[in-house]
Amino acid sequence: MTTKIPVTIEGNLTGDPEHSASESGNEYARFTVAVNDRRLNDMTGLWEDAGTVFHRVVVFNQQSRNVATSLRKGDSVIVAGDLRFGSYVDKETGNTRETRDIVADNVGASLKFASVAVERAPKANGPAADRSATGPVAAPVSSTGAEVAR
């Protein structure tokens with residue numbers, strides 16, 4: 001049984017995203033985000049680190065490729081998705097373990113301390129999506145001057 005809770009986090013990647021595909025061919029990328037909690041110390045008036053929470057994140061399909069090619073260890077990111085809790089039986093010990101992962105709907109570079117250049121990916125699939133694809137090109141009848149024989 002799993003529970004889904006919508007979340008948005010901002011933090012830094014602890015390592016490069018790992019991109020792969022499942023046995024069924026679904027692409028995914030996994031990475032961990034460290035979220036640092038900072039608090040203002042009322043006595044000193046200075047900001048202090050108050051702890052770090054690590055979140056494992058998984059993202060699927062085209063976005064997984066984009067994440068794997070665009071983001072690197074240390075990059076600041078914003079992740080929106082569902083926090084999912086689950087459990088499994090550890091094969092080595094036989095103990096039941098709990099998991100907590102964020103299944104991301106959107107992953108983006110944070111622009112708080114960096115700038116990025118956006119390169120849009122095509123939304124179409126097939127030859128229309130691959131600008132380097134070659135092959136026959138058909139012109140509409142109206143532009144060729146050809147007429148339909150009846």
If we only count heavy atoms from C-beta on, is the [X] to [Y] side-chain gap below 4.5 Å?
| X | Y | answer |
| --- | --- | --- |
| D82 | I5 | no |
| F31 | L71 | no |
| V77 | L13 | yes |

Which atom pair, heavy atoms only, marks the closest approach of [X] to [Y]?
| X | Y | value |
| --- | --- | --- |
| V116 | A109 | CG1-CB, 3.9 Å |
| S115 | L111 | CA-CD2, 4.3 Å |
| R72 | T69 | NH2-O, 3.9 Å |
| V57 | A104 | CG1-CB, 3.9 Å |
| P17 | A68 | CB-CA, 4.2 Å |
| V67 | A29 | CG1-CB, 4.5 Å |

Qualifying residues under side-chain contact (heavy atoms from CB on, under 4.5 Å), relative to [X], sequence neighbours excluded:
| X | answer |
| --- | --- |
| T8 | I78, A80 |
| N12 | N36, S76 |
| D37 | R39, A50 |
| N95 | T93 |

side-chain hydrogen bond (donor to acceptor under 3.5 Å, both in side chains) partners for [X], two or more places apart:
| X | result |
| --- | --- |
| E48 | N41 |
| K91 | none |
| N66 | Q62 |
| H19 | E27, S64 |

Flag yes if V7 and V33 sit in one hydrophobic cluster, no otherwise; membership is Ile, Leu, Val, Met, Phe, Trp, Tyr, and two members link when side-chain heavy atoms are under 4.5 Å apart.
yes

ILVMFWY cluster, F54 and F85 together (side-chain gap under 4.5 Å)
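As far as the 4.5 Å side-chain criterion goes, F85 and F54 are not connected within one cluster.
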
To the nearest 0.5 Å, how far apart are OG1 in T99 and OH in Y88?
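Between T99 OG1 and Y88 OH, I get 7.5 Å after rounding to 0.5 Å.
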
Within this structure, what is the CZ-OG1 distance for the pair R56 and T32, rounded to the nearest 0.5 Å?
7.5 Å

Ionic contact status for R84 with D101, cut-off 4.0 Å
no

Under 4.0 Å between a Lys/Arg side-chain N and an Asp/Glu carboxylate O for D90 and R97?
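So D90 pairs with R97 through a salt bridge.
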
Mind running side chain to side chain contact (heavy atoms under 4.5 Å, CB included) on T14 and K73 for me, showing each step along the way?
CA-CA 5 Å; T14 63; K73 178 180 180 177; over 6 Å; no

Could you identify which residues cluster with V103, counting Ile, Leu, Val, Met, Phe, Trp and Tyr as linked when any side-chain heavy atoms lie under 4.5 Å apart, either directly or through a chain of such contacts?
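So far as hydrophobic clustering goes, V103 is joined with Y28, V58, F60.
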
Which ILVMFWY residues are connected to W47, directly or by a chain of links, through side-chain heavy atoms under 4.5 Å apart?
L40

Can you name the residues that form a salt bridge (charged side-chain N to carboxylate O under 4.0 Å, His left out) with D42, not counting sequence neighbours?
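With sequence neighbours excluded, D42 shows a salt bridge (charged side-chain N to carboxylate O under 4.0 Å, His left out) to no residue whatsoever.
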
Can you sort out the partners of D75 under salt bridge (charged side-chain N to carboxylate O under 4.0 Å, His left out), two or more places apart, ordered by chain and number?
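Listed in chain order: nothing, the list is empty.
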
For atom CD of E10, decide whether the heavy atoms of other residues, nucleotides or ligands shown that lie under 6.0 angstrom number more than 12.
yes

